[in-house]
Amino acid sequence: MASSVCMQLTRSNGSAPAPEGLSKKERQELRQKEAAAARERAQNLAEQVASKLSKQGLFADVQAQNGFVNMYFDTADVARRLLQGVHATAAGYGRGAPKTETVMVEYGQLNTHKDGHVGHLRNISLGDALSNILTHDGYQVLKATYIGDIGAHVMKWLWGYRKWHSHEELRADDGRWWEGIYVESNRAIGDNPEYEREYRELFAAWDRREPEVVELWNRTRDVSLRYLHYLFDQLDVHFDVWFYESQFEDPGREVVRELLEKGIAEVDQGAPVVRLDQKLGLERETYRTLILQRSDGTSLYQTKELALTRAKFEGYPIARALNVVDVRQTLYFQQVFKTLELLGYQEAVKSTHVPYEYVTLATGAMSSRQGNVVPYAEFAAELQERALATVRVKNPSMPPEQQERVARIVAQGAMKFGMLDRDNTKLLVFDREEALDFDGFSAPYVQYAHARACRILEQGPEIAWEELRAADLSEVETNLLETIGGFTDSVERASRELKPLHVVTYAYNLARSFNEFYRESPVLRSEGDTRNLRLALVYASRTTLANALGLLGIHAPEVM
RNA sequence: GUUCCCGUAGCUCAAUCGGAUAGAGCGUUGGCCUCCGGAGCCAAAGGUUGGGGGUUCGAGCCCCUCCGGGAACGCCA
């Protein structure tokens with residue numbers, strides 16, 4: 001910080017306006033001269049600051065380098081306090097100051113009557129990690145999901161089921177069965193006007209709440225929901241709040257009525273719409289027009305979203321609501337929030353869309369309508385198989401049940417890590433081989449460092465926490481210590497920027513620092529203060545690795 | 001047509017408020033198990049940060065422009 005002050009101070013000194021009439025080359029030379037002079041003045045100032053600071057004795061060392069002032073703390077003192085701090089807080093290490101606000105994070109918006117696929121996986125991994133990170137940073141967090149249990153896809157499914165599959169038993173453990181019927185129906189309806197008409201009729205019957213249709217919907221929905229619960233359980237993702245689209249059809253219509261009454265919405269070609277740009281008096285097209293309902297009166301996704309956005313704030317004491325939804329819905333969310341604002345619901349401003357780029361295949365975008373998705377279950381099974389094979393090679397003497405357990409932890413970790421290891425703004429082209437790679441920048445790498453640390457602590461003596469002495473730390477040890485100390489900042493940044501990636505790279509860097517230390521600094525074969533200190537470093541590493549992985553929704557195995 | 005996102009090593013990606021010599025993984029080449037578990041460690045090679053202007057003491061990051069890729073934009077979710 002002090003360094004940038006030095007650089008800025010140099011500005012107010014020498015820079016007289018450049019004389020007129022110089023050639024480009026002359027101007028460039030002049031600039032270079034001035035820049036060099038500025039660097040010199042900065043270094044000069046840095047030296048003066050360094051010399052003053054070093055006399056105060058607050059720091060172990062102060063140096064002026066390249067116009068920056070570098071201040072060094074007393075390593076032994078910092079090390080002792082940091083390590084004792086990690087020990088004292090343990091699972092709470094890295095926590096931010098408690099905050100009063102409650103944040104609701106909505107993610108994992110799966111549909112009933114369909115399967116989950118790897119595209120959903122990125123959403124779920126992101127939302128869950130984000131929730132954990134916000135919690136660790138000190139917020140109260142409500143994890144919420146919003147299940148698509150109604151709408152066109154459900155009606156198409158019901159139509160196809162009734163037509164061709166009604167004799168089959170409903171399957172709570174097989175997402176592909178549900179997906180299959182949907183894809184089949186969707187295709188059939190698209191190809192055949194007669195089917196299309198039947199499907200429309202079914203949709204209308206649903207809207208009239210005809211008992212037979214409601215019963216069929218209820219029955220199939222229940223079983224499909226059991227499957228979704230199973231899916232989330234597999235991922236160790238658990239929600240505090242479950243919203244369902246079907247709950248918001250009527251409240252949605254209510255909002256539409258209100259919008260029409262207040263003259264915010266108008267009817268165009270039979271459908272109620274909000275001409276947002278016009279209402280807001282915007283010259284350039286920005287929010288465009290939001291259609292509120294189909295012209296046949298059936299509700300659209302946005303009909304329900306309007307009501308849901310309100311319901312969150314009316315039903316829960318939250319200060320903010322985050323919607324983790326892929327980037328293609330950006331305009332849509334802006335429209336919904338603006339519409340509510342026009343209605344006078346100020347809460348709309350506290351709703352935030354957290355966009356991320358979606359998962360695509362090398363061959364193009366995934367779409368369940370076209371049936372070219374990588375089903376979650378298939379991918380998970382493949383990972384599990386690969387992980388199990390590896391565990392058997394690495395740990396042949398381990399009991400089979402434990403091998404299975406470890407493989408599950410490794411496979412799930414690799415899966416989530418792979419979904420979180422790039423910025424939200426980056427498209428993820430799904431690559432099987434890459435996803436199945438357990439080396440390098442991956443969850444197993446971090447998990448392995450954790451398992452190594454556990455092994456040492458298991459075999460070593462108790463740590464004498466009151467007698468930590470950290471004299472003569474090596475470069476690798478100092479580096480490890482600094483990395484451990486940076487955890488809180490990394491959590492805070494991830495929370496502030498809503499980017500779990502920061503915790504991912506942190507976890508990896510910590511594992512790397514630990515592995516370097518592991519190679520260079522024998523723990524169990526050292527003695528006295530050195531061993532005690534190294535044990536404390538191992539303890540702090542293990543704790544922090546486990547905490548960081550935990551925030552990502554990834555288990556930290558003690559053996560693997 | 002309007003708007004948004006991406007472009008960094010052969011490939012996949014990092015880089016804190018604009019800050020010091022742009023870092024990792026994979027792949028390639030060469031090393032390290034009598035030693036806490038080799039899913040590991042060390043080293044080498046690999047860069048005009050898509051091109052060109054500009055702002056700044058300082059730009060991968062900000063502004064303008066061009067090129068390339070992707071997306072959204074009235075009855076899908």
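Everything numeric in this text was worked out from a predicted model, so none of it was measured. All chains are named by letter (A, B, ...) in the order of the sequence lines, taking the proteins before the strands, and each is independently numbered beginning at 1.
Counting only residues at least two apart or on different chains, the side-chain hydrogen bond (donor to acceptor under 3.5 Å, both in side chains) pairs with a member in residues 296-308 of chain A are A:E245-A:K304, A:E249-A:S299, A:R294-A:T298, A:D296-A:T298, A:E305-A:Y332. Among residue pairs with one or both ends in residues 409-435 of chain A, those qualifying as ring pair (Phe, Tyr, Trp, His ring centres under 6.0 Å) are A:F379-A:F430, A:F417-A:F441; sequence neighbours excluded. Residue pairs satisfying the side-chain hydrogen bond (donor to acceptor under 3.5 Å, both in side chains) criterion with at least one member in residues 452-462 of chain A, sequence neighbours excluded, are listed as follows: A:R452-A:N515, A:R455-A:E458.
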Inset, instruction - Taking Watson-Crick and G-U wobble pairs with both distances under 3.5 Å, convert RNA chain B into its dot-bracket string, 5' to 3', dots for unpaired and | for cross-strand pairs. - result: (((((((..((((.....[...)))).(((((.......))))).....(((((..]....))))))))))))....
Under-3.5 Å N/O pairs linking protein and nucleotides 22-25 of chain B:
from: B:A24; atom 1: O2'; to: A:Y508; atom 2: OH; distance (Å): 3.2
from: B:G25; atom 1: O2'; to: A:F441; atom 2: N; distance (Å): 3.4

Under 3.5 Å, which protein N or O atoms sit close to an N or O of nucleotides 1-5 of chain B? Give each pair with its distance.
from: B:U2; atom 1: O4'; to: A:E285; atom 2: OE2; distance (Å): 3.3
from: B:U2; atom 1: O2'; to: A:E285; atom 2: O; distance (Å): 3.3
from: B:U2; atom 1: O2; to: A:R288; atom 2: NH2; distance (Å): 2.3
from: B:C5; atom 1: O2'; to: A:T425; atom 2: O; distance (Å): 3.3

Quick test: give all pairs of protein nitrogen or oxygen and nucleotides 61-63 of chain B nitrogen or oxygen below 3.5 Å, distance rounded to 0.1 Å.
none

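For A:Y244, the side chain to side chain contact (heavy atoms under 4.5 Å, CB included) test picks out A:I147, A:D149, A:R221, A:L225, A:W242, A:S246, A:Q247, with sequence neighbours left out. Partners of A:L427 under the side chain to side chain contact (heavy atoms under 4.5 Å, CB included) rule, at least two apart in sequence or in another chain, are A:E357, A:Y358, A:T360. For A:H113, the ring pair (Phe, Tyr, Trp, His ring centres under 6.0 Å) criterion is met by A:W157, A:W178, not counting sequence neighbours. Not counting sequence neighbours, the partners of A:N479 by the side chain to side chain contact (heavy atoms under 4.5 Å, CB included) test are A:T483, A:S513, A:E516.
Shown for residues 270-278 of chain A: residues whose heavy atoms fall under 4.0 angstrom of RNA chain B, namely A:A271, A:V273, A:R275.
Candidate nucleotides B:C41, B:G70, B:C36 were compared by shortest atom distance to the side chain of A:Y358, and B:G70 ranks first.
Straight-line distance from the CG atom of A:L524 to the C1' atom of B:G37: 12 Å, rounded to whole Å.
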